[in-house]
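Read through the structure below, which is laid out as structure tokens, and then see the notes.
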Amino acid sequence: MMRLPKFDYRVPRTVAEAVKIVGDVGPTAQFVAGGTDLYPNMKRRQQMPQTVISVMRVPELNQITGEGKTGITIGASVTLTDICEHPLIIRDYPVVAAAARTISTPILRNMGTIGGNLLLDTRCNYYDQNYEWRKGINFCLKKDGDVCWVAPGSSKCWAVQSSDLVPVMVAIGAKFRLLSTLGERMIDAAGFYNDDGIDYLKKRPDELLVDIHLPPTNGWRASYQKLRRRGAFDFPVLGVAAYVQMDGDHVKQAKIVLGGIAPSPIQVTEAGEALIGQAFDDDHIQAAAEAAYVKARPLDNTDFVMNWRKQMAREYTLRALQSLR
Ligand SMILES: Cc1cc2nc3c(=O)[nH]c(=O)nc-3n(C[C@H](O)[C@H](O)[C@H](O)COP(=O)(O)OP(=O)(O)OC[C@H]3O[C@@H](n4cnc5c(N)ncnc54)[C@H](O)[C@@H]3O)c2cc1C
Ligand code: SF4
């Protein structure tokens with residue numbers, strides 16, 4: 001049985017208290033929400049905070065306010081089950097509820113939060129293993145080693161951003177509010193993820209993710225398609241988020257964002273360009289799907305053969321766009 005290492009556990013009741021604790025303790029502290037990602041990582045000795053600060057008892061982080069016309073604000077500790085079941089999210093942001101519904105299992109969605117999902121550690125077949133397994137290969141760059149087993153000549157880690165909600169948030173133009181003792185800042189989801197499997201977030205360790213701001217629903221539509229081996233309980237090994245806004249018969253704005261194939265979500269600008277100003281018809285959808293295929297370069301560090309996952313970028317982009325017509 002894998003055991004958790006020893007750690008101090010703190011339970012603040014306000015955001016001010018939460019950021020003060022992390023500010024006082026310093027980089028050996030880490031926030032936890034549902035713990036469905038952090039605790040397994042601690043058991044595998046991949047993340048080793050000495051102080052764990054729960055964000056589940058802070059009322060401000062558990063709220064959903066607003067509505068589609070004005071935009072919705074979702075507290076970082078809102079559970080994935082609440083995202084799936086919230087009437088306003090289902091009505092005004094169905095793509096967010098639908099993507100959340102594909103995450104793991106009902107029990108994990110009861111525990112896991114939207115904030116934890118958006119800050120999920122990157123994944124790799126050589127990393128998501130217990131300590132002894134990783135020791136057997138002399139570890140790897142991401143933790144305790146000095147070689148990347150996926151690309152041995154590389155000085156970069158290629159572990160994969162594997163959240164189902166991340167590509168959706170980038171596609172719909174969500175913003176994240178971060179708070180620390182140094183102040184507050186808003187950051188676009190699109191600029192929040194680094195193309196680096198180790199340093200994968202723009203967030204500093206002392207920053208608390210307070211809430212997620214979804215933009216007003218002024219006529220845009222979005223969809224999400226997920227590739228995984230099983231029908232449930234599997235991380236995405238490709239996720240395609242599609243966003244379209246129409247102006248009469250023509251596409252005014254379009255975005256295709258790929259998740260699950262690189263350390264950060266990939267916005268395929270060429271796919272958007274293939275659609276913008278055009279009729280939303282088969283030919284232009286096909287051109288956008290082709291652009292997604294060209295841009296997708298999955299590596300051999302998750303499930304399925306990488307060339308097949310690349311082919312699926314075309315197919316899943318087609319499906320995501322066709323579902324919006
Ligand atoms: C078997 C299994 C299957 C899974 N399948 C999927 C899947 O299909 N798709 C998918 O997207 N995910 C999947 N997950 C990953 C995970 O369960 C979810 O992403 C979940 O939403 C994580 O949320 P959490 O609250 O449990 O995060 P936690 O584990 O509590 O935290 C995750 C990270 O976020 C940080 N954090 C959390 N809240 C804050 C905050 N407010 N401010 C600052 N930092 C914070 C933590 O420090 C940690 O680094 C799976 C996990 C398991 C164990
Ligand atoms: S991509 Fe390379 S460095 Fe990163 S986790 Fe995998 S093997 Fe390790």
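One-based numbering, in listed order, for ligands and for the atoms of each. One-based numbering along the sequence shown.
At least one heavy atom of S163 sits under 4.0 Å from some atom of ligand 1.
Taking distances strictly below 2.8 Å, the protein N/O/S atoms close to atom 6 (Fe) of ligand 2 are C124 SG.
Contact annotation: for K226 versus ligand 1, heavy atoms closer than 4.0 Å belong to the side chain alone. If you look at S162 next to ligand 1, the close heavy atoms, those under 4.0 Å, all belong to the backbone. Residue contacts with ligand 1 for A76 involve side-chain atoms from C-beta outward but no N, CA, C or O (heavy atoms, distance under 4.0 Å). Heavy atoms from both the backbone and the side chain of I103 come within less than 4.0 Å of ligand 1.
Judged by the 6.0 Å distance and 45° axis criteria, K310 is positioned over the aromatic ring of Y293. With F235 as the aromatic partner, R228 does not meet the cation-pi criteria of under 6.0 angstrom to the ring centre and within 45 degrees of the ring axis.
Within the set D234, D128, V78, the minimum heavy-atom distance to atom 8 (O) of ligand 1 is found for D234. Comparing heavy-atom distances from atom 12 (N) of ligand 1 across F31, F233, Y39, F235 singles out F235 as nearest.
Residue S104 approaches ligand 1 through these ligand atoms, each under 4.0 Å from one of its heavy atoms: 2 (C), 3 (C), 4 (C), 5 (N), 6 (C), 7 (C), 8 (O). Atoms of ligand 1 found under 4.0 Å from any heavy atom of Q30, numbered from 1 in the order shown, are 47 (O), 48 (C), 49 (O). Per-residue contacts place E207 under 4.0 angstrom from the following atoms of ligand 1 (heavy atoms of the residue considered): 43 (C). Shown in contact with T36 at under 4.0 Å from a heavy atom are these atoms of ligand 1, numbered in order with element: 16 (C), 17 (O), 18 (C), 20 (C), 22 (C), 23 (O), 24 (P), 26 (O), 29 (O), 53 (C).
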Decide yes or no on ring pair (Phe, Tyr, Trp, His ring centres under 6.0 Å) for F176 and F192, but give the supporting numbers first. CA-CA 9 Å; F176 305 153; F192 188 62; 5.1 Å; yes
Derivation of the ring pair (Phe, Tyr, Trp, His ring centres under 6.0 Å) call for Y131 and F139: CA-CA 9 Å; Y131 183 83; F139 303 103; 5.3 Å; yes
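Applying side chain to side chain donor-acceptor pair (under 3.5 Å) to K156 and the options D196, D195, D199 leaves one that passes, D195. Here the rule is salt bridge (charged side-chain N to carboxylate O under 4.0 Å, His left out) with K295, and of E270, E290, E273 only E270 fits it. For the pairing with L80, the side chain to side chain contact (heavy atoms under 4.5 Å, CB included) check across R101, E85, R109 returns one residue only, R109.
A salt bridge does not link R10 with E17: every distance from a Lys NZ or Arg NE/NH1/NH2 to an Asp or Glu carboxylate oxygen is 4.0 Å or more.
Shown here are the salt bridge (charged side-chain N to carboxylate O under 4.0 Å, His left out) partners of D188, two or more places apart in sequence or in another chain: K175.
One finds the OH atom of Y316 at 14.5 Å from the CG atom of L321 (value rounded to the nearest 0.5 Å).
Counting only N and O atoms by type, the side chains of Y224 and D164 include a donor and acceptor under 3.5 Å apart.
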